[in-house]
Structures are given as C-alpha cells and as structure tokens.
Amino acid sequence: MKIATFNINGIKARAQALLDWLDEAEADVVLLQEIKSVDENFPREMIEDKGYNVETHGQKGFNGVAILSKLPLEDVSRGLPGDDDDEQARWIEATVVGDRAVRVCGLYLPNGNPAPGPKYDYKLAWMERLKARAADLLAAEEPALMAGDYNVIPQPEDAKHPDRWTEDALFLPETRAAFRRILNLGYTEAFRARVQSPGHYSFWDYQAGAWQNDDGIRIDHLLLTPQAADLMTGCGIDKHVRDREKPSDHVPVWITLEA
DNA sequence: ATGGTCGTGGGACGA
C-alpha cells in the first residue's frame, strides 16, 4: 500500500498537476492539504474517474484537507478533537481497508507566523491537541499514521539555510520541542528514519528564486505508530514535481507499507 | 529592512 501526503495549495489551480501526478505516482491513498475549497466545489468527479474514493473537509478560501483512496474508506472523521470552537478545516481521518486496516489521519498544522502572537499561540495549542490524538492512536496498538503539512522544520538538516529560520514559527525551539514530544510518544518519522543525510526538502517558496537555489525546507511528514512502522518498505519525496508547470510550493512525500 | 510570488475570489489575507 502506497500512501502519500501532498499540500496542493489550491485544488482549482492545481487540478491538472494533481491528475498528472496521480497517474504517475499510482498511490493507493493520498492525503491532501490546502484544497482551499468548500466541499461542494471540490472537483471530486475528476478524481473519482481515476478510481479514487474522495472524502473532503473543506473551508471557504483557506485550509481544507481531503483523503483520496483506491481502497474503501471507513469511519471517516472530520476536525481535530479538543476544541469545539475551532472551525478551521485542518484534520480528517479514516480507516483504509486493504490487506490490513490502516488508520490514516491527514493534517494541515497551523503556520503560526508571526511569532510571538495569537497565531503562534493557536499553533502551539493545536499541537497540544495533536499530541492528545496521537496518544489515543498509539493506545489502539494498530497500524496508523498522521501525515501532512506539519509546518515544522524538525532539525537544522531539514533546511538549506537554517540560520534564516531562527525567528520563524516553523523552526522556533518551542515548535520543535512540541514536535519532538509527539515523536517521543512512540512515533516514527518515516523519511528521517530511512534517510539520515541533509538536503532533502518538501517545500520551496515561490519567492526570491527559492526553487532555483534549492533553498528548501522539509516540513511535510508522515508519523507512524510502531505497528505501521513495522510494515514500512519504502519512503520518498517526489521532488521533480516542483519543476513542472504551475507547481504547488510543496511536493508529495510518500511511503509504502506491506499492508 | 524590504520586497520578492502565489491562490482564492473578485478584496484582503494567508503563506
């Protein structure tokens, strides 16, 4: 089973790029972030025509997440638990029924800039709620993963120029510590578990020639429970997608599971 | 320090 996460930065502008990538990647499950669409306007038919089941959790203008799956999806749940007043569409989860059942959670963690400030407070509070959900998932002792745009640069090795990010909400010590606390519950960060070398990124800003200079950061992650990590057979970043026409500023990150 | 570029929706805001 191949599972990918992809922040597409707007489904309307990215429709063709997404379809092209779906054709080549042949992922069984895709977790999308920043669809920037309400559910009614999401172009589900074009994706269903490629054999995917489609579950969305959209919002007007911003945010929005979705799950695409060639396998059946069960027990779909929308919204990160822990704050009934939070109306931002940043979380969706479902059970994928393959040879084994895998609980997949798609997330779009708040950016948090500028920090300090209310947006950063929201980010840290959201990460605390994420940790609570992560702990509950672990307690089930089943294959499960939480994947998406974490807006967290875990280590200096995950940025071309870490010195330029020291004041940024994606790299502040408090952000990285909150991310580590989630990992330390018992999660495996798929890519870093398999690749130790620096210089692998999943996001390049549209501005200032970031892509041309390979001035990237690695902020899209897949976190696996021990039962999922035991099934992992591969992991990769589809960097070449960033060089295409009308690209997202993120590229897909994926794993393969023996499931 | 500033401005640099996108997407959505059709203005301002988020990233």
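Each chain gets a letter, A, B and so on, in the order the sequences are listed, and its residues count up from 1. This one's a predicted model, so the numbers in the text were calculated from it and none came from an experiment.
Residue-level contact check: I11(A) touches the backbone only, with heavy atoms under 4.0 Å from sugar-phosphate atoms and none from bases.
Annotation: salt bridge (charged side-chain N to carboxylate O under 4.0 Å, His left out) contacts involving residues 95-123 of chain A, sequence neighbours excluded, comprise E93(A)-R103(A).
Grouping Ile, Leu, Val, Met, Phe, Trp and Tyr by side-chain contacts under 4.5 Å, direct or through others, leaves V97(A) on its own.
In this structure, E245(A) places its CD atom where only 12 or fewer heavy-atom neighbours from other residues, nucleotides or ligands lie under 6.0 Å away.
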Donor-acceptor pairs are to be reported for all side-chain atoms of residues 230-237 of chain A against protein atoms at under 3.5 Å, with residues two or more places apart or in another chain.
residue, atom, partner, partner atom, Å
T233(A), OG1, T256(A), O, 3.3
T233(A), OG1, T256(A), OG1, 2.8

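When the P atom is used for both dG9(B) and dA15(B), the distance is 15 Å, rounded to whole Å. Going from the P atom of dG10(B) to that of dC6(B) covers 22 Å, rounded to whole Å.
The NZ-P distance, from K60(A) to dG7(B), rounds to 18 Å in whole Å. Put simply, CD1 on I8(A) is 17 Å from P on dC6(B), counting in whole angstrom units. Taking atom NZ on K12(A) and atom C1' on dC6(B), their separation rounds to 14 Å, with Å as the unit.
Residues forming a salt bridge (Lys or Arg N to Asp or Glu O under 4.0 Å) with K12(A) (at least two apart in sequence, or on another chain): none. For F179(A), the ring pair (Phe, Tyr, Trp, His ring centres under 6.0 Å) test picks out Y150(A), H221(A), with sequence neighbours left out.
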Restricting both atoms to N or O, compile the protein contacts to nucleotides 11-15 of chain B shorter than 3.5 Å, with distance only.
residue, atom, partner, partner atom, Å
dG14(B), OP2, K119(A), NZ, 3.1
dG14(B), O5', K119(A), NZ, 3.4
dA15(B), O3', N111(A), ND2, 3.4

